[in-house]
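One structure is given here, and the rest of the page talks about it.
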Amino acid sequence: MTETLAQSTHSGSPRTPSKRTILMCRPDYFTVSYQINPWMHPEKPTDTALAVKQWNDLYRTYLDLGFTVDLIDPIDGLPDMVYAANGGFVLDNMAYGAKFTFPERQPEGPAYMEWFGANGYEVHVPKETNEGEGDFLLVGDVILAGTGFRSDSDSHREVADIFGRDVITLELVNPSFYHLDTAIAVLDPSPAPGEQANIAYLPSAFNESGLAVLRERYPDAILVSDEDAAVLGLNSYSDGYNVVIASRAKGFEQQLRERGYNPIGVDLSELLLGGGGVKCCTLELRR
Ligand code: ARG
């Protein structure tokens, strides 16, 4: 895998991959049996074996990139548990648990907190409704926080108190992009000191005040098309050089190449039926 380990240059400075540690959940019980987002159609059949195969491709991709991948056991009757990003938000060895909006997913909160506790993280039981890294994205030193459909903005204050970081509230306005990680991709998870972490985003997913914040903070951001966002192209995971994306997001793939990143496409079409993609299946663990 020399290609993926290589560094590339963009306007002089190198893109440097960093080793990541993540948590995933095998989709052994994946199906679509209820509807809590516009992507889900319970009347349409799903293929659990195909979901497992596609998930496995993502898992292997991460292992090939040299990531450490921890696994949490899936639970029968919790079909959305595969979307591990919603299981919490982990930073500085502290795990802020999830408190899900819809009753169908609520048992996932304690299941993930139990895993965090058993694996040496300091667990913070949430008071406020929040869906973990689906709505909290660490970009450099700040935490971008989504609200509007799932996480309550009160959880943004709770996160600021626990982690002692600046938390910037962004309101989502399009129900198809109901979690922040469907509308923003973090491209540089561990920027070098003095380097600005960059993002990619879908402008139409935000209201005017959110857009103003994004434009001001990230003048060099990649603006992704509605077409690429519609295959959850933004729901991607970067190590600073390699960016694992939906293979169908061709325009975004090209934009990433032009900026010196190495896009790696995977097909998660079956998991898209639940309204999730690459990033949804990936929870970053930061000691
Ligand atoms: N069916 C799940 C839900 O609606 C999908 C979650 C996608 N996760 C994410 N991080 N965007 O909650």
Side-chain angles (χ1 to χ4, degrees), residues 22-27 29-44 46 48 51 54-55 58 72 74-75 77-90 96-109 111-112 129-138 143-152 155 159 170 172-186 199-202 205-206 224 228-238 244-246 249 266 268-285:
I22 59 185
L23 178 63
M24 297 179 75
C25 180
R26 193 179 295 280
Y29 304 107
F30 173 75
T31 188
V32 176
S33 53
Y34 48 81
Q35 183 182 35
I36 57 172
N37 71 53
W39 304 79
M40 301 173 86
H41 300 287
E43 69 286 358
K44 261 181 47 183
T46 51
T48 305
Q54 293 180 337
W55 178 94
L58 177 64
I72 180 172
I75 297 173
L78 296 177
D80 276 341
M81 200 172 163
V82 57
Y83 304 112
N86 299 123
F89 178 73
V90 185
Y96 174 59
K99 187 174 167 195
F100 284 86
T101 310
F102 295 104
E104 290 89 340
R105 294 197 70 182
Q106 277 162 6
E108 292 181 46
Y112 275 93
T129 299
N130 83 90
E131 299 197 351
E133 210 168 56
D135 277 322
F136 293 106
L137 299 175
L138 181 72
I143 297 168
L144 301 184
T147 188
F149 296 101
R150 300 293 179 90
S151 300
D152 193 296
S155 70
V159 160
L170 297 167
L172 296 161
V173 296
N174 181 338
S176 292
F177 304 103
Y178 55 95
H179 278 138
L180 193 62
D181 71 356
T182 65
I184 292 184
V186 181
I199 63 169
Y201 65 93
L202 172 69
F206 298 92
V224 168
D228 286 333
V231 292
L232 287 187
L234 279 165
N235 195 248
S236 57
Y237 187 68
S238 174
V244 183
I245 65 167
V266 294
L268 294 184
S269 61
E270 203 57 27
L271 292 166
L272 197 59
L273 300 176
V278 170
K279 178 64 189 68
C280 298
C281 297
T282 312
L283 176 67
E284 177 113 33
L285 299 171

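This chain uses plain numbering: 1 for the first residue, then up along the sequence. When a ligand or atom number is given, it counts from 1 through the structure's own listing order.
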Query raised in the report: Roughly how far apart are Thr46 OG1 and Leu271 CG, rounded to 0.5 Å?
Result: 10.0 Å
Query - Ser151 side chain to Asp135 side chain, donor-acceptor N/O pair below 3.5 angstrom - result: yes
Requested in this report: For Tyr178, check ring-ring contact (aromatic ring centres under 6.0 Å, His included) against everything at least two apart and list the hits.
Outcome: none
Report task. Determine yes or no for a side-chain-to-main-chain donor-acceptor pair under 3.5 angstrom, with Asn37 supplying the side chain and Met40 the backbone. Result -> yes
Query - With sequence neighbours excluded, residues passing salt bridge (Lys or Arg N to Asp or Glu O under 4.0 Å) with Glu108 - result: Arg105
Query raised in the report: Measuring from each atom of ligand 1, which residues have a heavy atom under 4.0 Å away?
Result: Ile36, Asn37, Met40, Asp80, Tyr83, Ala85, Asn86, Arg105, Gly134, Arg150, Tyr178, His179, Asp181, Thr182, Gly274, Gly275, Cys280
Requested in this report: Name all residues meeting the side-chain hydrogen bond (donor to acceptor under 3.5 Å, both in side chains) criterion together with Arg26; count only those two or more places apart in sequence or in a different chain, and write none if there are none.
Outcome: Asn56
